[in-house]
S.K.: 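First, the structure itself, so that you have it in front of you.
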Amino acid sequence: MDEGESSSTNNPSRPWESYNTVFTNAKAGMEGVDKEKVQRVVYEMSKGSKYFQNEERKEALMKQKIEHMRDRCAKLSSSDLSNYQKVVDRRILEVEATRDLSRVWLHVDMDAFYAAVETLSNPSLKGKPMAVGGLSMISTANYEARKFGVRAAMPGFIARKLCPDLIFVPVDFPKYTHYSDLTRKVFKNYDPNFIAGSLDEAYLDITEVCRERGLSGGEIAEELRSSVHSETGGLTCSAGVAANRLLAKVCSDINKPNGQFVLQNDRSTVMTFISSLPIRKIGGIGKVTEHILKDALEIKTCGDMVLKGSLLYALFTQSSADFFLSVGLGLGKTDTPEVRSRKSISSERTFAATGDEKLLYSKLAEIAEMLSHDMQKERLAARTLTLKLKTASFEIRSRAVSLQRYTCSSEDILKHATKLLKAELPVSIRLIGLRMSQFNEEARHSDPSQGTITKFIVQKGSSRKNLDDNDSSDLDASKNCLGNDEMLSLSYASHETSYDQLKDVVEYEEQSVTPNQECKKKEERIQVLEGDALLRKHKDCKADSSAEKTEAVSVLPQMEPLVWVDGYRCNLCGIELPPSFVEERQEHSDFHLAQRLQNEESGPSSSNTPTSKRRILGKEKANSKPKKQKPNQKDDNVRGLHSVVKLLALEMFGSLGGCHLSSVLERRNPEEMKMALPPPRLNLSPSSSLGEPRSLPSMSDILTSSKARNLDLKIQTLGPFFRVTGKNADTGSEVGRAEGVVRPWFGRGLVLHLDTIRLTKETMVMDKSLLGVGLYVGAVAIRHGYDCGCRTAQLLAIYDSDLYHSKLVRFYRRIGFEEVKEVSGSSIGDMADMLVWGGVGTRMDANIHHLLVKWSKVFLKSVS
DNA sequence: GCGGATCAC
DNA sequence: TATGGTGATCCGC
């Protein structure tokens with residue numbers, strides 16, 4: 001092992017030598033790499049950047065730390081050291097007594113997991129350098145790419161410099177999760193209690209299997225790896241077998257890829273192995289610790305940790321020193337640990353740095369929304385909120401508050417997060433994150449499999465929001481109903497209001513039970529409550545609450561309860577959504593609330609329809625006849641709609657009725673949906689996942705498929721410009737169109753520039769089966785771009801309103817576009833984008849090939 | 001309890 | 001043009 005060339009010598013003619021990044025460290029598959037060249041390229045691409053400057057700042061801090069450590073080291077007297085040596089000797093005896101060589105642990109680590117999965121689903125990638133990720137960050141690189149020095153955590157634009165032919169494949173977590181599940185099925189056969197590290201690694205206690213089957217750890221490892229290979233259809237993994245987890249993990253790295261290493265369970269073998277092992281190989285010892293130990297204490301190998309134990313105990317905390325010492329002795333965990341519950345949940349996003357307060361508040365709102373959503377999905381409530389910021393200069397800051405009560409509502413989170421953020425302004429920020437910790441343990445232990453649907457509706461589906469003391473509870477609902485221009489202006493207005501309120505939010509403490517807890521207590525008895533019934537309950541809880549709240553309550557709409565009849569059919573409109581479609585169901589119930597709000601807006605008389613007096617709906621309700629209402633009877637909803645709506649992507653791809661695109665992709669119309677029960681939860685059907693490469697949908701595939709949808713598609717071109725129009729095949733009237741241009745972009749070849757995608761009012765009120773019209777129009781445009789040789793498609797998600805915008809961005813992200821930058825007009829660099837696009841918004845890109853692959857199922861299936 | 005850091009994947 | 005997101009833990013206040 002030839003690493004560890006600590007370049008503390010600063011050679012001014014070779015400045016890159018002192019720019020140590022994580023990429024400096026050796027990694028499997030990086031053996032024949034021209035390290036100097038990689039180092040130089042990374043340096044050249046980085047130097048001068050804000051990121052680089054921050055790295056230098058961090059580097060300086062580390063040096064300082066090391067100096068400080070050296071000073072303290074020098075001040076130690078020999079009597080100090082001999083005292084500490086006594087501590088060490090005693091600790092060694094204690095710890096040695098706990099050594100357990102009776103267990104056999106196996107660590108499995110999938111080889112270049114994401115990249116391998118992508119190659120499996122698209123074998124044409126085989127043998128070519130490829131990276132999973134984008135130009136800003138790479139998640140995994142395959143071994144061909146590693147030969148060029150490309151590796152995980154490296155920014156894509158640097159990787160492309162190192163390897164100009166590098167193929168980028170966007171990350172696709174559902175796909176990796178699918179394959180991860182396949183591997184875990186195998187693991188379970190060897191240790192039902194195996195510990196899953198991440199998607200691509202696991203620890204197994206194979207002691208029992210070895211004993212029962214009379215096989216060695218190495219034999220079991222061989223068998224397991226071969227089983228993983230066949231069960232996944234070709235993925236390889238590496239394994240390490242040793243007496244404890246720490247050693248097993250080190251071992252699995254030794255013969256990577258597609259190899260294994262067994263460390264015999266006897267003390268002297270372990271000691272020999274560990275004593276020469278570089279400390280950086282140990283999990284938990286990273287770049288900084290390595291440097292401190294190496295540069296200040298001259299500890300390079302694990303063996304050194306024992307030899308210099310007295311220094312460690314003198315300079316570090318007891319727990320750190322204990323850890324180092326046990327590492328030096330080759331000790332590690334051998335027990336199967338308790339079930340570990342999560343301790344925090346967070347959401348964070350990076351964007352083009354901005355100091356625009358309004359923009360920052362809207363980002364914050366988005367993140368609060370995402371976090372709240374995730375918490376509700378996991379049924380978590382927490383009381384400590386931490387705001388994380390990364391400034392334009394890459395400095396990380398965090399600010400936390402502990403609340404008086406547990407919460408998971410986006411309003412609560414946003415309210416407090418806004419206070420925290422406000423205190424930091426003005427500052428230019430490139431990342432905002434929110435984390436919630438200190439969970440309500442009682443809530444955590446409830447069985448989430450019980451009454452999921454009704455709990456979900458009560459808690460998340462609109463009525464819960466009405467319980468919140470925040471009087472802008474119509475905000476979320478309006479956000480979910482973007483049915484027409486009027487709704488757009490409504491959401492904009494309500495957002496503005498809440499923004500102003502948030503800015504001047506005053507600290508006050510709520511003592512009442514949280515909605516979440518309330519729900520939990522009552523959920524056995526109350527399955528669905530009407531909005532007004534819930535509100536009344538809420539008022540009861542807060543009999544002493546202020547009058548304003550009562551007033552806020554009075555403007556809230558009365559809700560017809562939403563029930564999933566027979567477990568899957570909406571009693572309000574008849575649309576069918578299986579229980580597993582959690583997100584879609586949420587959208588759907590929000591849609592109904594929004595619709596109701598809309599009706600309220602249109603006039604109090606129409607809204608005063610007598611609501612059902614049913615307060616409690618038992619399961620029997622499912623058998624009573626549902627109040628049917630055709631989903632397309634939304635005349636109220638389209639009132640005031642302009643004849644052509646600009647870029648209503650949600651509707652265009654079929655979200656109008658509350659269905660997410662994922663469902664559109666999987667089942668393009670309600671008829672197919674009915675057959676798809678239970679539906680696949682992944683984008684990727686099992687049959688397609690292991691098979692050979694899917695051919696891309698050709699233009700004629702798309703056109704043929706659209707004909708079956710009663711859609712007449714046409715593409716016109718004029719030079720680089722193109723226009724896709726979709727007409728109703730019966731009436732001949734236009735239902736939607738997309739326009740754009742094929743043009744070069746920064747020397748990166750041609751890009752498909754999507755300018756506008758419009759759907760007509762007619763489209764939106766037409767039969768549901770035509771809701772996929774936007775998908776077809778979009779697909780023709782994308783295929784056209786592909787045929788013209790474009791690799792990338794670009795669009796600008798316009799800031800029509802902040803709430804609408806975030807929805808739009810999220811939507812495009814779902815279908816495969818990636819945020820590239822915010823075009824705000826605040827920097828001169830935005831001018832080009834603004835001129836090209838004629839507005840401000842979020843520039844988003846997608847890999848055209850990937851889009852076609854992703855959509856291929858839709859079009860090819862309809863043909864066959 | 002908070003804030004900064006480190007680490008892993 | 002451009003350097004991620006999530007979760008855990010530790011240390012020093």
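Sequence lines set the chain letters: A, B, ... in the order given, protein chains first and strands last, and positions in each chain run from 1. When reading the values below, keep in mind they use all heavy atoms of this one structure, side chains included, and skip hydrogens, waters and symmetry mates. Quick caveat, the model's predicted, so the values are computed rather than measured.
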S.K.: Can you identify which nucleotide, out of C:dC11, B:dG1, C:dT6, has its nearest atom closest to the A:Arg383 side chain?
M.R.: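 So the nucleotide nearest the side chain must be B:dG1.
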
S.K.: Of the candidate nucleotides B:dC7, C:dG5, C:dG4, which contains the atom at the shortest distance from the side chain of A:Thr289?
M.R.: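 Output: B:dC7.
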
S.K.: Assign each of A:Gly197 and A:Lys58 to its nearest nucleotide of DNA chain B by heavy atoms, then name whichever residue's nucleotide is nearer the 5' end.
M.R.: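 Taking each residue's closest nucleotide, the earlier one in sequence belongs to A:Lys58.
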
S.K.: Would you call A:Lys175 and A:Glu118 a salt bridge, using N to O less than 4.0 angstrom?
M.R.: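 Salt bridge between A:Lys175 and A:Glu118, a charged N being under 4.0 Å from a carboxylate O: yes.
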
S.K.: Within the structure shown, what part of the strands sits under 4.0 Å from A:Glu55 by heavy-atom distance: base, sugar-phosphate, or nothing?
M.R.: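 Answer is nothing: A:Glu55 stays at 4.0 Å or more from every strand.
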
S.K.: If you look at every strand shown and take non-hydrogen atoms under 4.0 Å, does A:Ile292 touch a base, only sugar-phosphate, or nothing?
M.R.: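 Touches nothing.
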
S.K.: Rounded at 0.5 Å granularity, tell me how far NZ in A:Lys390 sits from OG1 in A:Thr350.
M.R.: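 A:Lys390 atom NZ to A:Thr350 atom OG1 measures 5.0 Å (nearest 0.5 Å).
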
S.K.: If each of A:Thr384 and A:Leu199 is mapped to the nucleotide of DNA chain B with the nearest heavy atom, which maps nearer the 5' terminus, i.e. the 5' end?
M.R.: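 With A:Thr384 and A:Leu199 compared, the 5'-side residue is A:Thr384.
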
S.K.: Please determine if a side-chain N or O atom of A:Arg340 lies less than 4.0 Å away from the OP1 or OP2 oxygen of C:dA8.
M.R.: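 So the side chain of A:Arg340 is outside the cut-off, no N or O lying under 4.0 Å from OP1 or OP2 of C:dA8.
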
S.K.: Mind checking if A:Ser320 touches a base, just sugar-phosphate, or nothing, with heavy atoms under 4.0 Å?
M.R.: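 Sugar-phosphate only.
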
S.K.: Kindly assign one of parallel, tilted or perpendicular to the pair A:Phe173 and A:Tyr114, based on the angle between their ring planes and the thresholds 30° and 60°.
M.R.: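 A:Phe173 and A:Tyr114: perpendicular rings.
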
S.K.: Please state how far atom CE in A:Met370 lies from atom P in C:dT6, giving the value in whole angstrom units.
M.R.: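 For the pair A:Met370 CE and C:dT6 P, the rounded distance is 7 Å.
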
S.K.: Taking CD from A:Gln438 and C1' from C:dT9, how many angstroms apart are they, rounded to a whole number?
M.R.: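 The answer, rounded to whole Å, is 14 Å.
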
S.K.: Regarding A:Leu431, tell me which of base, sugar-phosphate or nothing describes its non-hydrogen contacts under 4.0 Å with the strands shown.
M.R.: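 Contact class for A:Leu431: sugar-phosphate only.
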
S.K.: In whole Å, what is the span from the NZ atom of A:Lys343 to the P atom of B:dC2?
M.R.: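 Atom-to-atom, A:Lys343 to B:dC2, this comes out as 18 Å.
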
S.K.: With a 4.0 Å cut-off, would you call A:Glu55 and A:Lys58 a salt bridge?
M.R.: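 Result for this pair is yes, salt bridge flagged.
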
S.K.: Name the nucleic acid region contacted by A:Lys390, choosing base, sugar-phosphate or nothing; use a 4.0 angstrom heavy-atom cut-off, strictly under.
M.R.: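 Sugar-phosphate only.
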
S.K.: Please determine whether a side-chain nitrogen or oxygen atom of A:Ser346 lies at a distance below 4.0 Å from atom OP1 or OP2 of C:dT6.
M.R.: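 Negative; the distance criterion is not met.
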
S.K.: Shortest non-hydrogen contact from A:Ile432 to A:Leu364?
M.R.: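 Heavy atoms only, the tightest pair is CG2-CD1, 3.6 Å.
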
S.K.: Of the nucleotides C:dT6, B:dC7, B:dC2, which one has an atom closest to the side chain of A:Ser402?
M.R.: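 Among the listed nucleotides, the one closest to the side chain of A:Ser402 is B:dC2.
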
S.K.: Atom NZ of A:Lys47 to atom P of C:dA2: distance rounded to whole Å?
M.R.: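 Rounding to the nearest Å, NZ of A:Lys47 and P of C:dA2 are 16 Å apart.
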
S.K.: Name the closest nucleotide to the A:Lys65 side chain, picking from B:dG3, B:dA5, C:dA8.
M.R.: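 Ranking B:dG3, B:dA5, C:dA8 by closest atom to the A:Lys65 side chain puts B:dA5 first.
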
S.K.: Reckon A:Ile158 touches a base, only the sugar-phosphate, or nothing at all at heavy-atom distances under 4.0 Å?
M.R.: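 Contact class for A:Ile158: base.
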
S.K.: Select from A:Phe52 and A:Thr317 the residue whose nearest nucleotide in DNA chain C is closer to the 5' end of that strand.
M.R.: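 Going by which nucleotide is closer to the 5' end, it is A:Phe52.
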
S.K.: If you only use heavy atoms from C-beta on, which nucleotide in C:dG4, C:dA2, C:dG5 is closest to the side chain of A:Glu348?
M.R.: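 Taking heavy atoms from C-beta onward, the closest nucleotide is C:dG5.
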
S.K.: Can you tell me which nucleotide in C:dG5, C:dG7, B:dA5 comes closest to the side chain of A:Ser344?
M.R.: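 Among C:dG5, C:dG7, B:dA5, the one nearest the side chain of A:Ser344 is C:dG7.
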
S.K.: Using atom CE of A:Met62 as one end and atom P of B:dC7 as the other, report the distance to the nearest whole Å.
M.R.: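 Rounded to whole Å, this separation is 9 Å.
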
S.K.: Nearest to the side chain of A:Ser398, heavy atoms from C-beta on, is which of B:dG4, C:dG12, C:dG7?
M.R.: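 The answer is B:dG4.
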
S.K.: Just the rounded figure in Å: distance from P of B:dA8 to CD1 of A:Ile285.
M.R.: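 To the nearest whole Å, that distance equals 9 Å.
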
S.K.: Rounded to the nearest Å, what distance is computed from the CD atom of residue A:Glu424 to the C1' atom of nucleotide B:dG4?
M.R.: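 So the CD-C1' distance, A:Glu424 to B:dG4, works out to 13 Å.
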
S.K.: Checking contacts here: which listed nucleotide (C:dT6, B:dC7, C:dC10) is nearest the side-chain heavy atoms of A:Lys287?
M.R.: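 Of the options given, the side chain of A:Lys287 lies nearest B:dC7.
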
S.K.: Map A:Arg435 and A:Met45 onto DNA chain C by nearest heavy atom, then report which one ends up closer to the 5' terminus.
M.R.: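 Per heavy-atom nearest nucleotide, the more 5' residue is A:Met45.
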
S.K.: Got a sec, which residues hit ring pair (Phe, Tyr, Trp, His ring centres under 6.0 Å) with A:Phe439, two or more places apart in sequence or on another chain?
M.R.: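 Result, ring pair (Phe, Tyr, Trp, His ring centres under 6.0 Å) vs A:Phe439: none returned.
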
S.K.: How long is the line joining OH of A:Tyr176 and P of C:dT6, in whole Å?
M.R.: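 Atom-to-atom, A:Tyr176 to C:dT6, this comes out as 16 Å.
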
S.K.: Quick one: is C:dG5 close enough that its OP1 or OP2 comes under 4.0 Å of any side-chain N or O from A:Thr350?
M.R.: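 Indeed, a polar side-chain atom of A:Thr350 lies that close.
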
S.K.: Which nucleotide in the list C:dG4, C:dA2, C:dA8 gets nearest to the side chain of A:Arg342?
M.R.: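 Shortest atom-to-atom distance from the side chain points to C:dA8.
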
S.K.: Mind checking if A:Arg397 touches a base, just sugar-phosphate, or nothing, with heavy atoms under 4.0 Å?
M.R.: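 The residue A:Arg397 makes sugar-phosphate contact but no base contact.
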
S.K.: Picking from B:dC2, C:dA2, C:dT9, which would you name as closest to the side chain of A:Leu135?
M.R.: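 The answer is C:dA2.
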
S.K.: Quick one: label A:Ser49 by what it contacts on the DNA or RNA (base, sugar-phosphate, nothing), any heavy atom closer than 4.0 Å.
M.R.: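 It contacts base atoms.
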
S.K.: Answer yes or no: is there an ion pair linking A:Glu378 with A:Arg342, defined by an N-O contact shorter than 4.0 Å?
M.R.: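 A salt bridge is present here (some side-chain N lies under 4.0 Å from a carboxylate O).
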
